[in-house]
K.L.:
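First the structure, which I've put down as structure tokens, then a few questions once you've had a look.
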Amino acid sequence: MISVENVSKSFVLYNQGLAEIPVMQGASLKVAAGECVALVGASGAGKSTLMRMIYGNYLTASGRIMVGDVDVVAAAPRSILRLRRETLGYVSQFLRVVPRVSTLDVVAEPLLATGTQKDEALKQAKVLLTRLNIPERLWHLSPTTFSGGEQQRVNIARGFAFPYPALLLDEPTASLDPTNRATVLSMIGEAKARGTAIIGIFHDHAARDEICDRQFDVTQFTPGLAS
Amino acid sequence: MTPLLQVENIAKFYGARIGCTDVSFDLYPGEVMGIVGESGSGKSTLLNCLAGHLTPDRGAVRFDTRADGLRDTVTMSEPERRMLSRTDWAFVHQHARDGLRMNVSAGGNVGERLMAVNARHYGQIRDKAIDWLGRVEIGEDRIDDRPTAFSGGMQQRLQIARNLVTGPRLVFMDEPTGGLDVSVQARLLDLLRGLVREMNLSAIIVTHDLAVVRLLADRLMVMKDGHVIETGLTDQVLDDPQHAYTQLLVSSVLQV
């Protein structure tokens, strides 16, 4: 489902003395449908960078990244937007939303964007929020004022609202209490069971060992770290 | 799929000085594109060339007309272009007073656009005006007030109602949230996003506010000295800028 082929990336910082920082060299990774792969490596090794490259958030200098039948490296913005709407989900560590939009609408948005009717989308959003223990009295408020853990759960509800065939998870269990952590892990398990290809970053090692089929060490592709 | 707007090699000069040059892009139905750059970068000149307010010195602006498909709006006749700007385009000015008739009631401002596309039934026009004032969160009891009696944020919302009442397909926006305080901006952004989704609008938004484009625009174009220096997905351009100037622009934003 996801196939990363020989990708490289460096950052050029024009305003800091033209520093060129190579961050990834020749990385390749394949993830099949229903498989969950953990990206591992020390902080700064490029786990998040690789994830962002797959999402099209960072440009890739060379190589190919196939998600389904779209090459993210070469695709036009319009194709990537469509890929993100219909195929590739991403649960980031931080929730970024338009101020004033209610939690319910934030969670329902991925469903509305893919053509689900409004009342059905809201119904599913309510089910997810209930499951993730977001109290009903908060549903009509904007999540911008919520606690870190609540925001993280809203973020997860939103990320799991639509059944994407491929999913990127950046620290999905960070700042969660044991009950909610268990819920999130079973949601990831259910996604795997319905054939979603998942790539995740987990600092929570117990969660990683429980949910992931294998690990992928990005350090081997980090220039300057591998040798 | 046919692009709604196909811009090819647009250039506009002010004497020897470059307004904007070598601008090309396609915009598809439902897409929102942001244009950012500092004052004098040519973004407003470009927007005015696209919307038919300025005649470019070079290039073509093809719009997918309902009747005849892609037509170059630069070379079409003035009446044809004016008709398009009433039926298919909308232009939201930075200063609401440039887009409103200040001595006509709020309801009149909205109704006037309907009459320009041949609506004649007074009751229907008034009902539609009330409906649109409601959508932009202006109470029915304000329908007979003039925009001079409105706050800046309300004027801007009224301008949006006036522009969208005829169901345009393409909206040009020039700094739509400029000069409004942040709480009013957030409300306006939320409103615009909802309308874009509901009406499947395409929009081109000129702004210097990167937070606004992050929330509203799918794609981003960065301009400097009349040239397009970088384009791409909005979050990609903001998070992984490739050009020296874009990096400077992004890193200059104060974090709140």
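Naming: A, B, ... by sequence-line order, numbering from 1 per chain. Just so it is clear, the structure is predicted and the values come from calculations on it, not from any experiment.
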K.L.:
Between chain A and each of B/Asp26, B/Asp235, B/Thr231, count heavy-atom pairs under 4.5 Å; write down the option with the most.
P.N.:
B/Asp235
K.L.:
Within a radius of less than 6.0 Å around CZ of B/Arg66, do more than 12 heavy atoms belonging to other residues, nucleotides or ligands occur?
P.N.:
yes
K.L.:
Taking NE2 in B/His227 as the centre, count heavy atoms belonging to other residues, nucleotides or ligands within less than 6.0 Å. Is the count above 12?
P.N.:
yes
K.L.:
Return the minimal non-hydrogen interatomic distance between B/Gln247 and A/Val12, and the atom names on each side.
P.N.:
NE2-O, 2.7 Å
K.L.:
Measure distances from B/Met1 to the heavy atoms of chain A and classify the residue's part below 4.5 Å as side chain, backbone, both or neither.
P.N.:
side chain
K.L.:
What pair of heavy atoms forms the shortest contact from A/Tyr14 to B/Gln242, and how long is it?
P.N.:
CE1-O, 3.0 Å
K.L.:
Provide the full list of salt bridge (charged side-chain N to carboxylate O under 4.0 Å, His left out) pairs with a residue in residues 192-214 of chain B, sequence neighbours left out, each pair given once.
P.N.:
A/Glu109-B/Arg193, A/Glu109-B/Arg197, B/Arg135-B/Glu198, B/Arg214-B/Asp239
K.L.:
Would B/Asp240 and A/Arg52 count as a salt bridge (Lys or Arg N to Asp or Glu O under 4.0 Å) here? Give the steps.
P.N.:
CA-CA 10 Å; B/Asp240 187 19; A/Arg52 284 164 172 250; over 6 Å; no
K.L.:
How about B/Glu140: does its CD atom have over 12 heavy atoms from other parts shown lying under 6.0 Å from it?
P.N.:
no
K.L.:
Determine which pairs satisfy salt bridge (charged side-chain N to carboxylate O under 4.0 Å, His left out) with at least one residue from residues 63-74 of chain A, sequence neighbours left out, and list them in order.
P.N.:
A/Glu5-A/Arg64
K.L.:
Listed by residue number, which members of residues 76-90 of chain A have a heavy atom under 4.5 Å from any heavy atom of chain B?
P.N.:
A/Pro77, A/Arg78, A/Ile80, A/Leu81, A/Arg84
K.L.:
Could you tell me which residues in residues 110-117 of chain A have at least one non-hydrogen atom under 4.5 Å from a non-hydrogen atom of chain B, sorted by residue number?
P.N.:
A/Leu112, A/Ala113
K.L.:
Counting only non-hydrogen atoms closer than 4.5 Å, does A/Lys118 touch chain B with its backbone (N, CA, C, O), its side chain (CB onward), both, or neither?
P.N.:
neither
